[in-house]
Each structure stands twice: as structure tokens, then as C-alpha cells.
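Here is the structure we will look at.
Order of the sequence lines fixes the chain letters, A, B, ..., with proteins taken first and strands second; residue numbering starts at 1 for each chain. Bear in mind the structure is a predicted one, so any value in this text is a computation, not a measurement.
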Protein chains: 2
Amino acid sequence: MRDLLLGRARFKEFSASPERIPTNILSERLERLRGAGVVERIPAADGTKRLAYRLTRKGLGLGPIVAAVRDWGLKWEPGTKAAIAAAPRA
Amino acid sequence: MRDLLLGRARFKEFSASPERIPTNILSERLERLRGAGVVERIPAADGTKRLAYRLTRKGLGLGPIVAAVRDWGLKWEPGTKAAIAAAPRA
DNA sequence: CGGTATCCACATTGATACTG
DNA sequence: CAGTATCAATGTGGATACCG
């Protein structure tokens with residue numbers, strides 16, 4: 001979800017993230033997110049026959065949750081680093 | 001977390017919630033939340049020797065996350081009902 | 001009342017190997 | 001590149017019984 005919210009779209013991009021998620025887990029999660037209507041498949045931007053993934057509106061709606069988790073971690077869990085820009089301090 | 005945010009404090013109150021959580025799971029979760037510094041034990045308000053649970057400041061900080069999840073559910077997941085008052089529509 | 005103790009079922013993750 | 005197939009390990013939840 002973090003990668004998708006950052007605009008990442010390709011299997012390989014998700015796979016390259018620091019978590020080093022195994023390909024089977026990544027594949028299964030993308031399918032489950034698709035089943036939940038949070039993610040959709042689209043043709044890749046580069047014109048090749050490859051696929052890409054993108055958040056639906058429902059998926060974009062998860063942004064505030066992810067942001068709230070990030071903010072909580074930054075405030076209360078030492079060592080938390082934000083991959084997505086933090087909300088400005090209120 | 002929802003019950004705690006609602007101000008519920010007693011083991012029995014959590015236990016009576018609609019999820020009908022088994023006592024072993026409830027007990028284990030309270031301990032884990034305590035270990036995470038999210039919940040603390042306090043003497044019960046009624047002066048008996050019983051215990052009660054309360055959110056720490058760190059735990060109260062989870063409120064915005066729970067609220068964001070609730071709002072997302074209300075908007076995107078049919079059948080979602082809010083146990084905590086929903087944020088006013090922006 | 002407020003828990004512990006068992007024990008089982010199932011979900012999730014992960015390592016690894018393989019394929020169109 | 002973008003997955004699928006296996007299989008083992010672990011985590012999580014739940015039913016149930018019991019106890020101070």
C-alpha cells in the first residue's frame with residue numbers, strides 16, 4: 001500500500017522495496033487487494049505488453065489511514081522513518 | 001482499541017462487546033498492548049480491589065488511526081456501522 | 001469477576017525452485 | 001520480467017475447561 005500510494009506501479013518496483021517481500025507473497029497480496037477493489041491492473045505506461053497496478057478510488061481512500069499510522073509511528077515509535085512525506089505538524 | 005477509546009475499562013466490558021472475544025484472547029491482547037505501552041492498568045474506579053485498563057497517551061494517539069479506518073469503512077464498505085461517532089463530513 | 005491453561009484450526013509469511 | 005508452485009515455520013484466533 002505504501003508503494004502504491006507513492007505511485008509505484010510495477011511488480012519489480014514493489015519487489016525492490018526494502019522489505020524484500022517474496023514474490024509469492026507479493027503476488028498473492030496484489031490479488032487480494034484486487035479482490036477487495038483497492039487495486040486494479042492497467043496496461044504498463046511504457047507501451048510494452050506488461051502489466052501495471054494502480055490504486056482505485058477506494059484504494060486511494062486508504063491514504064489517510066496510512067498517513068495516520070505513519071504519523072503515530074513517527075511520534076511514538078523510535079526509529080520510525082517516513083517513506084511518504086509526513087503531515088505538517090499541526 | 002475501540003472499546004478503550006470509548007472509555008471502557010473493565011475486562012467484563014470488553015468481554016461483553018459484540019465480537020464475543022474469548023477470554024484468553026482478550027487477556028493476551030491486553031498484555032500485548034501493555035507491553036507496547038499503549039494500555040496501562042489502574043485500580044478500578046469503584047474502590048474495590050479490581051483492576052481496570054486505560055489508554056496511555058501513546059494509546060490515545062491511536063485514535064486518529066481508528067477514526068480513519070472507521071471513516072474508510074463507512075465510505076467504502078457496505079454494512080459498516082460506527083461504534084464511535086463518525087467525523088463530520090468535510 | 002477476571003483471568004490461565006490446553007489444544008486445535010487456520011491464516012500468513014517466507015525460502016526456494018521453477019516457468020512462459 | 002512477472003509471476004506460480006511447494007512446503008515448512010510461525011502467528012493468530014477460537015472453543016473449552018478450569019481456578020483464586
Side-chain angles (χ1 to χ4, degrees), chain A residues 1-56 58-59 62 65-66 69-70 72-73 77 79-81 83, chain B residues 1-56 58-59 62 65-66 69-70 72-73 77 79-81 83:
Chain A
M1 283 304 307
R2 179 205 59 209
D3 281 359
L4 285 160
L5 285 164
L6 284 169
R8 284 175 192 144
R10 299 281 298 279
F11 194 93
K12 184 186 167 185
E13 294 178 299
F14 307 137
S15 205
S17 281
E19 291 81 11
R20 311 313 333 260
I21 186 174
T23 58
N24 57 343
I25 306 295
L26 173 56
S27 179
E28 184 205 347
R29 277 194 202 165
L30 284 168
E31 279 316 292
R32 284 163 67 181
L33 289 169
R34 237 159 49 86
V38 161
V39 163
E40 61 189 346
R41 280 208 284 229
I42 54 170
D46 60 3
T48 64
K49 66 245 169 219
R50 303 215 193 96
L51 288 176
Y53 297 88
R54 171 172 69 183
L55 292 172
T56 60
K58 183 178 176 180
L62 291 167
I65 299 176
V66 174
V69 172
R70 174 206 58 208
W72 184 87
E77 289 291 335
T80 300
K81 283 170 178 58
Chain B
M1 283 306 306
R2 178 205 59 209
D3 282 358
L4 285 160
L5 286 165
L6 284 169
R8 285 175 192 143
R10 298 281 297 279
F11 194 94
K12 185 185 168 185
E13 294 178 298
F14 308 137
S15 205
S17 281
E19 292 82 10
R20 310 314 333 261
I21 186 174
T23 58
N24 57 342
I25 306 295
L26 173 55
S27 179
E28 183 203 348
R29 279 195 200 165
L30 284 167
E31 280 315 294
R32 283 163 68 181
L33 290 169
R34 238 158 48 86
V38 161
V39 163
E40 60 190 345
R41 280 208 285 231
I42 55 171
D46 60 3
T48 64
K49 67 241 170 226
R50 302 215 195 97
L51 289 177
Y53 297 87
R54 170 172 69 182
L55 292 171
T56 60
K58 183 178 177 180
L62 291 167
I65 299 176
V66 173
V69 172
R70 174 206 59 210
W72 184 87
E77 289 292 334
T80 300
K81 284 172 178 57

### Task
Using heavy atoms and a sub-4.0 Å distance, could you list which residues of residues 19-41 of chain A are near DNA chain D? By number, please.
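Here the set is T23(A), N24(A), S27(A).
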
### Query
So which of residues 6-14 of chain B are in contact with DNA chain D, with a heavy-atom cut-off of under 4.0 Å?
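Nothing qualifies; none.
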
### Task
Have a look at the helix from dC1(C)-dG20(D) to dG20(C)-dC1(D) and give the angle its two end axes make, five pairs each, rounded to 10 degrees.
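Taking five pairs per end, the axes differ by 50°.
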
### Task
Considering only NZ, NE, NH1 and NH2 on the basic side and carboxylate oxygens on the acidic side, decide whether R2(B) and E19(B) come within less than 4.0 Å.
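Yes, this pair counts.
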
### Task
Give every residue pair that meets the side chain to side chain donor-acceptor pair (under 3.5 Å) criterion with at least one member in residues 34-44 of chain B, sequence neighbours excluded.
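Applying side chain to side chain donor-acceptor pair (under 3.5 Å) to every pair that reaches into residues 34-44 of chain B, excluding sequence neighbours, yields E31(B)-R34(B), E40(B)-R54(B).
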
Validation row: [X], [Y] side chains within 4.5 angstrom (heavy atoms):
| X | Y | answer |
| --- | --- | --- |
| T23(B) | L26(B) | no |
| V38(B) | M1(B) | yes |
| F11(A) | L30(A) | yes |
| L55(A) | V39(A) | yes |
| I21(A) | F14(A) | no |
| I42(A) | Y53(A) | no |
| P43(B) | L51(B) | no |

### Task
Identify the 5'-most and 3'-most nucleotides of DNA chain C with at least one atom closer than 4.0 Å to a non-hydrogen atom of chain A.
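Extent of the interface on DNA chain C: dT12(C) to dA17(C).
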
### Query
Counting only N and O atoms by type, is there a donor-acceptor contact under 3.5 Å from the side chain of K58(B) to the main-chain atoms of A36(B)?
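Yes, the answer is positive, given that a donor and an acceptor are paired below the 3.5 Å cut-off.
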
#### Entry: Over all atoms of both residues, closest heavy-atom pair of A44(A) and A52(A)
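Smallest interatomic distance, heavy atoms only, reads CA-CB, 4.0 Å.
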
### Query
Which salt bridge (charged side-chain N to carboxylate O under 4.0 Å, His left out) pairs, counting each pair once, include a residue from residues 5-14 of chain A, with sequence neighbours left out?
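Found D3(A)-R8(A), R10(A)-D46(A).
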
